Amino acid sequence: MTNGFAQEVYAVVRAIPRGYVATYGMVAELAGRPRASRIVGGVLHRNPDPSTIPCHRVVFRDGSLAPGFAFGGAAVQRRRLEEEGVQFVAGTAKNGGAEGPRVDLQQCLWDGTGYAE
DNA sequence: TTTGTGACTTTTT
DNA sequence: TAAAAAGCCACAA
């Protein structure tokens with residue numbers, strides 16, 4: 001690709017199946033830079049094409065999103081993911097202390113299957 | 001061309 | 001167990 005990494009990131013994020021989510025590190029790895037998780041965020045931050053790039057499917061390693069920096073708000077993103085079929089963890093397996101809405105990575109974490117360049 | 005920063009992740013204190 | 005710091009790579013100014 002002309003740009004290389006950035007293009008790869010966009011391609012990977014676009015390849016995320018509906019109802020699934022991926023972490024920055026995973027996208028970075030598929031893009032060719034397993035340690036460039038931050039760059040993935042930076043690239044998505046600019047989001048040159050939010051229409052084709054479902055950045056809301058990309059979450060932290062913890063399953064949470066970027067508060068305040070999402071396309072329109074973490075709350076909106078949660079609703080959007082639910083629309084796609086992504087399950088959320090209300091409380092937490094930790095001790096019932098609800099910290100914040102997290103995606104159920106154990107169920108909706110994308111394996112990278114179906115990604116073709 | 002060089003410096004600084006960032007939607008992250010992992011390890012150590 | 002929790003919190004803090006460093007490391008990492010690419011893009012923008």
Side-chain angles (χ1 to χ4, degrees):
Chain A
M1 295 299 191
T2 51
N3 282 351
F5 185 67
Q7 270 302 313
E8 285 287 318
V9 173
Y10 302 140
V12 174
V13 176
R14 261 186 307 147
I16 302 175
R18 176 177 167 281
Y20 278 85
V21 295
T23 66
Y24 290 99
M26 183 178 298
V27 176
E29 187 178 333
L30 291 172
R33 262 56 204 190
R35 306 289 182 245
S37 43
R38 306 176 64 160
I39 318 306
V40 176
V43 169
L44 292 178
H45 184 196
R46 305 196 219 167
N47 207 343
D49 217 327
S51 310
T52 45
I53 304 172
C55 43
H56 60 267
R57 287 181 188 160
V58 186
V59 299
F60 280 180
R61 205 55 171 77
D62 201 23
S64 22
L65 312 168
F69 285 96
F71 57 96
V76 180
Q77 180 163 8
R78 175 180 62 192
R79 188 175 63 210
R80 200 155 179 185
L81 288 169
E82 287 186 328
E83 276 292 315
E84 305 235 329
V86 176
Q87 301 181 24
F88 271 77
V89 195
T92 23
K94 283 176 106 169
N95 48 47
E99 308 168 353
R102 309 188 319 179
V103 179
D104 192 347
L105 296 177
Q106 287 184 96
Q107 257 191 102
C108 301
L109 182 57
W110 179 41
D111 304 84
T113 316
Y115 167 61
E117 299 180 57

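Each chain gets a letter, A, B and so on, in the order the sequences are listed, and its residues count up from 1. Just so we're clear, the structure is a prediction, and the values are computed from it rather than from any experiment.
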Show me the side-chain donor-acceptor pairs of residues 33-44 of chain A shorter than 3.5 Å, one per line, residues at least two apart or across chains.
none

- Between CZ of A:R61 and CG of A:L105, what distance do you get to the nearest 0.5 Å? 8.0 Å
- Task: List in numerical order all residues of residues 79-86 of chain A for which some heavy atom is under 4.0 Å away from an atom belonging to DNA chain C.
- Result: none
For residues 11-27 of chain A, which side-chain N or O atoms pair as donor and acceptor with protein atoms under 3.5 Å away, sequence neighbours left out?
residue, atom, partner, partner atom, Å
A:R18, NH2, A:E83, O, 3.4
A:T23, OG1, A:M26, N, 3.2

- Item | Nearest-neighbour nucleotide for the A:R61 side chain, C:dA10, B:dT10, B:dC8 considered | B:dT10
- Task: Mind checking A:A66 for me? I need base, sugar-phosphate or nothing, with any heavy atom below 4.0 Å counting as a touch.
- Result: base
- Check A:R102 against A:D62 and note the closest heavy-atom contact, atom names and distance. NH1-OD1, 3.5 Å
- Task: Taking all heavy atoms of A:V58 and all of A:Q77, pick out the closest pair and write down the distance.
- Result: O-NE2, 4.2 Å
- For A:E29 and B:dT9, give me the distance from atom CD to atom C1', rounded to whole Å. 13 Å
- Just how far, in rounded Å, is C1' of B:dT10 from OH of A:Y24? 17 Å
- Item | Separation of B:dC8 P from A:L65 CG (nearest whole Å) | 12 Å
- Message: Holding to side chain to side chain donor-acceptor pair (under 3.5 Å), I want the full list of residues that pass it with A:T113, two or more places apart in sequence or in another chain.
- Response: none
Any protein N or O atoms within reach of nucleotides 4-7 of chain C? Criterion: under 3.5 Å, listing atom names and distances.
residue, atom, partner, partner atom, Å
C:dG7, O6, A:R38, NH1, 2.5
C:dG7, N1, A:R38, NH1, 3.2

- To the nearest angstrom, the CG-P distance between A:L44 and B:dA7 comes to 11 Å
- Query: Taking the side chain of A:F5 as heavy atoms from C-beta outward, which of C:dA10, B:dA7, B:dT9 is closest to it?
  - Reply: C:dA10
- Query: Hey, does the side chain of A:Q87 reach the backbone of A:D104 with a donor-acceptor pair shorter than 3.5 angstrom?
  - Reply: no
- Task: Could you tell me whether the phosphate oxygens of C:dA10, OP1 or OP2, come under 4.0 Å of any side-chain nitrogen or oxygen in A:R33?
- Result: yes
- If you round to the nearest 0.5 Å, how far is CD of A:E8 from OH of A:Y115? 3.5 Å
- Item | Contacts of A:E82 that satisfy salt bridge (charged side-chain N to carboxylate O under 4.0 Å, His left out) - sequence neighbours left out | none
- Item | Nearest-Å distance for atom pair CE/P, residues A:M26 and B:dA7 | 21 Å
- Rounded to whole Å, the CD1-P distance (A:I16 to B:dA7) equals 19 Å
